[in-house]
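Please see the structure below; I have some questions.
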Protein chains: 2
Amino acid sequence: MTKSNSTRSGYPRTSRSLPISLLRAREVVMQPIRDMLGELGLTEQKWRILRTLDELGEVEQSTIAKEACLLLPSLTRILRGMEADGLISRQSDAKDKRRTLVTITDKGRAIVRDNLHLANDISARIESHMGEDEVKQLLDLLEKLQAAKL
Amino acid sequence: MTKSNSTRSGYPRTSRSLPISLLRAREVVMQPIRDMLGELGLTEQKWRILRTLDELGEVEQSTIAKEACLLLPSLTRILRGMEADGLISRQSDAKDKRRTLVTITDKGRAIVRDNLHLANDISARIESHMGEDEVKQLLDLLEKLQAAKL
DNA sequence: TATTGTTATACTCTATAACTATA
DNA sequence: TATAGTTATAGAGTATAACAATA
């Protein structure tokens, strides 16, 4: 006895819609992270930028925009605030002066280091619910989806 | 030879972070849908509300909020606009006057019907990239994740 | 007293176009 | 001419608290 994947009208159910299902799943995972970020005074976007910079080192802004799913105009504004807060620093690329290179500061890196354990706790809770293998499988499938050109 | 899942500093890579990976995957899937919605003059949120109402029939606002991942104050404002546009209608529940029951109108339903094929096209493109089985597997895993209480 | 929904408010992000500087 | 980034601007969503009506 399985649940039907379409409504009476023949439309696919929203739970079988990738965009909606990805969003709902993300909301579940994000809730505890939002609580953490609220206490840190960081937005989700700033956290993604810190994680991205911590991972990639010095990069230009277009790269951050792509990795952290932000538009360049948004990024300009957000980075201005983060620079004022001492979380990142910027300098123009000597080889191509159009480019601005961004790095995470020690202060920013400390925030990542001090809080990433909480993100790991959340992962552990998910793994205890779904099983470690299935989380791994899910991450693999998400990576594969990201590689798709639509 | 497999890619390491952690950075030099020992942090998990962002591509193995569920929140970030879910977001990036969603961005890939949403891009063509955003193009469609732009032409229709609908926001993503309004589209999710229409899909939800089309699927569930007459429901109270709290239910919509949960299904479409919106806060009630946002929903109040958005529904006001959608009612003015003739996409939905509202009436207070006779049995419990605190509740407001919302339904999709014929006009709203027509918009869903006329555009859902495009969402299906996108699914088809994803399936041609990932394989039908893997898309199904991904949807199953996402549903399982949504059931997690964190 | 608790719940459903609305209002108010401040903040933030999104989206697009126009613009500057550089290549 | 094309690209990287900024600025300007309008629109929309988020988040929280306070509130009204009802249960």
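Chain identifiers are assigned alphabetically (A, B, ...) following the order of the sequence lines, protein sequences preceding nucleic acid strands; residue numbering begins at 1 within each chain.
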Quiz item: Tell me, for nucleotides 15-23 of chain C in 5' to 3' order, what letter each nucleotide earns: B for a base near a protein heavy atom under 4.0 Å, S for only sugar-phosphate near one, - for neither?
Solution: BBB---BBS
Quiz item: How many Å lie between CD on Glu27(A) and C1' on dG13(D), as a whole number?
Solution: 12 Å
Practice problem: Specify the separation, in whole Å, of atom CZ of Arg48(A) and atom C1' of dT12(C). | Solution: 13 Å
Quiz item: Are any of Ser62(A)'s side-chain N or O atoms less than 4.0 Å away from OP1 or OP2 of dT3(D)?
Solution: no
Quiz item: Counting only side-chain N and O atoms of Gln61(A), is one of them less than 4.0 Å from OP1 or OP2 of dG5(D)?
Solution: no
Quiz item: Going by the side chain to side chain donor-acceptor pair (under 3.5 Å) test, which pairs reach into residues 28-38 of chain A, not counting sequence neighbours?
Solution: Glu27(A)-Arg34(A), Gln31(A)-Asp35(A), Arg34(A)-Glu44(A)
Quiz item: Taking everything shown except Asp114(B) itself, do over 12 heavy atoms lie less than 6.0 Å from its CG?
Solution: yes
Self-check item: Side chain of Thr43(B) - closest among dT6(D), dG5(C), dG13(D)
Solution: dG13(D)
Self-check item: Results of salt bridge (charged side-chain N to carboxylate O under 4.0 Å, His left out) for Glu83(B) - residues two or more places apart only
Solution: Arg90(B)
For residues 66-80 of chain A, please give each side-chain donor-acceptor pair under 3.5 Å, one per line with the distance, not counting sequence neighbours.
unit_1: Glu67(A); atom_1: OE1; unit_2: Arg24(B); atom_2: NH2; d: 3.3
unit_1: Thr76(A); atom_1: OG1; unit_2: Leu72(A); atom_2: O; d: 3.2

Quiz prompt | Rounded distance in Å - CD (Glu60(A)) to C1' (dT6(D)) | solution = 15 Å
Practice problem: Give the rounded distance in Å between these two atoms: CZ of Arg99(B) and C1' of dA23(D). | Solution: 9 Å
Exercise. Tell me, please, which residues at least two apart from Ser89(B) pass side chain to side chain contact (heavy atoms under 4.5 Å, CB included).
Key: Thr103(B), Thr105(B)
Practice problem: Grab the CG-P distance between Leu37(B) and dT14(C) for me, whole Å please. | Solution: 16 Å
Quiz prompt | Partner set under salt bridge (charged side-chain N to carboxylate O under 4.0 Å, His left out) for Asp96(A), not counting sequence neighbours | solution = Arg98(A), Arg99(A)
Quiz item: Could you give the NZ-to-C1' distance, from Lys46(B) to dA12(D), as a whole number of Å?
Solution: 9 Å
Practice problem: Residues of residues 75-86 of chain A with any non-hydrogen atom less than 4.0 angstrom from an atom of DNA chain C: list those, numerically ordered, please. | Solution: Arg77(A), Ile78(A)
Quiz prompt | Leu18(A)-Leu23(A) co-clustered via ILVMFWY side chain contacts under 4.5 Å | solution = no
Quiz item: Could you state the CZ-P distance from Arg26(B) to dT14(C), rounded to the nearest angstrom?
Solution: 12 Å
Practice problem: Could you list the residues that satisfy salt bridge (charged side-chain N to carboxylate O under 4.0 Å, His left out) with Asp140(B), not counting sequence neighbours? | Solution: Arg16(A), Lys136(B)
Quiz item: Looking at residues at least two apart in the chain, or sitting in another chain, which of them share a side chain to side chain donor-acceptor pair (under 3.5 Å) with Lys46(A)?
Solution: none
